[in-house]
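Indexing begins at 1, ligand by ligand and atom by atom, following the structure's order.
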Amino acid sequence: MLNIILFGPPGAGKGTQAEKLIDKYGLIHLSTGDLLRTEIAKETALGIEAKKLIDKGELVPDEVVIEMIRHEVEKHLDSNGFIFDGFPRTTVQAKKLDEMLANEGIDVDIMISLVVEDEIVIKRILKRGQLSGRSDDQSVGTIKNRLDTYNRQTAIVEERYKGRNKHRYVHGMGTIDETFDYIVKEINKLKK
Ligand code: C5P
Ligand code: MG
């Protein structure tokens, strides 16, 4: 199995790169953001609660996203592997993910952080918001809250995988294909 965490601030290009990686390596794409947006669209109790937090740029409680991921991982244990996109977002989530995978005899192989400056992510997210209508992509204020949340609660998760020599930075400000090439180079190094 090949298990990848795609990391980086909102708007770094995690979802875009995940789509290309699933095509190339036949992996299962697990985006907690997408799973939450499905709950919102279905107007489930979970979705209604999550929307309040998402629209403020805050995080949904750890237990909620961990259980969503657990459910999806269990469904796809016979796959080639997973791309975790937008998860883990806290140290607790990372610890639980590692435990969950270890119980199945698997592990995170690599965490790739897409490096993109704040001004660029703000521009990208506003543009995405015009096309997708995502409510948390509409205002600079909400986007800045999401960046704050990332810096306060999420960025530190890198340290966990750096400590295990599983973390790589990838320049994420070029074209989609350039970024993809950098990611593929890092993945191919794992196979040697
Ligand atoms: O990953 P994405 O940017 O699509 O997530 C959108 C929003 O969903 C985040 O800004 C956050 O409010 C919420 N989320 C969360 N916990 C996660 C993933 C997403 O709270 N693990
Ligand atoms: Mg995304």
Side-chain angles (χ1 to χ4, degrees), residues 4-22 27-42 44-73 82-101 108 111-116 118 120-158 160-161 170 172 176 179-180 183:
I4 303 171
I5 299 176
L6 268 185
F7 203 69
K14 300 184 293 291
T16 303
Q17 296 297 329
E19 290 303 327
K20 292 176 72 73
L21 287 165
I22 58 172
L27 305 174
I28 302 290
H29 181 191
L30 295 186
S31 159
T32 30
D34 288 349
L35 293 169
L36 290 167
R37 283 184 286 278
T38 303
E39 297 291 325
I40 293 172
K42 289 196 286 190
T44 62
L46 193 161
I48 289 164
E49 284 309 305
K51 185 171 169 27
K52 294 180 196 160
L53 294 162
I54 291 174
D55 285 349
K56 287 192 277 188
E58 292 173 14
L59 295 182
V60 173
D62 287 331
E63 314 80 69
V64 174
V65 285
I66 290 163
E67 289 317 308
M68 292 179 105
I69 287 286
R70 188 188 306 285
H71 185 76
E72 294 301 316
V73 165
F82 298 99
I83 298 186
F84 298 96
D85 159 8
F87 179 94
R89 257 188 164 84
T90 63
T91 322
V92 172
Q93 291 176 24
K95 197 162 171 274
K96 291 287 179 185
L97 174 66
D98 289 341
E99 283 170 14
M100 191 189 304
L101 297 181
V108 170
M111 169 186 262
I112 293 178
S113 289
L114 300 175
V115 180
V116 184
D118 284 3
I120 297 183
V121 302
I122 293 170
K123 276 192 201 137
R124 280 187 189 169
I125 294 175
L126 287 172
K127 198 167 149 197
R128 177 174 72 187
Q130 285 176 357
L131 303 172
S132 71
R134 255 179 77 168
S135 56
D136 58 340
D137 282 353
Q138 304 297 321
S139 80
V140 176
T142 309
I143 297 168
K144 286 196 168 153
N145 285 344
R146 289 162 66 192
L147 285 169
D148 267 4
T149 301
Y150 177 80
N151 290 323
R152 279 187 291 108
Q153 294 180 268
T154 305
I156 192 161
V157 177
E158 282 178 343
R160 185 178 181 89
Y161 297 94
V170 159
I176 291 172
T179 303
F180 186 63
I183 295 174

**OP:** Write out the residue and atom name of the closest protein heavy atom to atom 14 (N) of ligand 1, then the distance separating them to 0.1 Å.
**Re:** Leu36 CD1, 3.7 Å

**OP:** Determine whether more than 12 heavy atoms belonging to other residues, nucleotides or ligands lie under 6.0 Å from atom CD1 of Ile48.
**Re:** yes

Original post:
Any idea which of Lys52, Arg146, Met68 brings a heavy atom closest to atom 10 (O) of ligand 1?
Top reply: Arg146

Original post:
Between Asp136 and Arg146, is there a salt bridge with N-O shorter than 4.0 Å?
Top reply: yes

Subject >> ligand 1-proximal atoms of Asp34, by part, heavy-atom distance under 4.0 Å >> reply: neither

Subject >> Contact (N/O only, under 3.5 Å) between Glu58 and ligand 1 >> reply: yes

**OP:** Pull out every atom of ligand 1 sitting under 4.0 Å from any heavy atom of Leu59, numbered as shown with elements.
**Re:** 15 (C), 20 (O)

**OP:** Using non-hydrogen atoms of the residue, decide whether Lys51 is closer than 4.0 angstrom to ligand 1.
**Re:** no

Original post:
Does the N or O separation between Val60 and ligand 1 drop below 3.5 Å for any pair?
Top reply: yes

Original post:
Looking at Asp98 and Lys95, does any basic side-chain N land under 4.0 Å from a carboxylate oxygen?
Top reply: no

**OP:** Among Arg37, Arg124, Arg128, Lys127, find the residue that satisfies the salt bridge (Lys or Arg N to Asp or Glu O under 4.0 Å) test when tested with Asp137.
**Re:** Arg128

**OP:** Considering the heavy atoms of Thr32, write down every atom of ligand 1 situated less than 4.0 Å from one of them.
**Re:** 17 (C), 18 (C), 21 (N)

**OP:** Before giving the answer on side chain to side chain contact (heavy atoms under 4.5 Å, CB included), spell out for Met68 and Glu39 the whole-Å C-alpha distance, their side-chain angles and the decisive distance to 0.1 Å.
**Re:** CA-CA 11 Å; Met68 292 179 105; Glu39 297 291 325; 3.9 Å; yes

Original post:
How long is the span from the CG atom in Leu21 to the CD1 atom in Ile112, to the nearest 0.5 Å?
Top reply: 7.0 Å

Original post:
Out of curiosity, Gln153 CD to Gln93 CD, how far, rounded to the nearest 0.5 Å?
Top reply: 9.0 Å

Subject >> Worked check of side chain to side chain contact (heavy atoms under 4.5 Å, CB included) between Thr149 and Arg89 >> reply: CA-CA 9 Å; Thr149 301; Arg89 257 188 164 84; over 6 Å; no

**OP:** Determine, considering heavy atoms only, which of Asp137, Thr154, Ile54 sits nearest to atom 7 (C) of ligand 1.
**Re:** Ile54

**OP:** Select the closest option to atom 3 (O) of ligand 1 among Arg37, Lys56, Arg89, Lys14, judged by heavy-atom distance.
**Re:** Arg89

Original post:
Counting from 1, what ligand 1 atoms have a heavy atom of Gln93 closer than 4.0 Å?
Top reply: 21 (N)

**OP:** For Gly86, counting its heavy atoms only, list the atoms of ligand 1 lying under 4.0 Å from any of them.
**Re:** 1 (O), 17 (C), 18 (C), 21 (N)

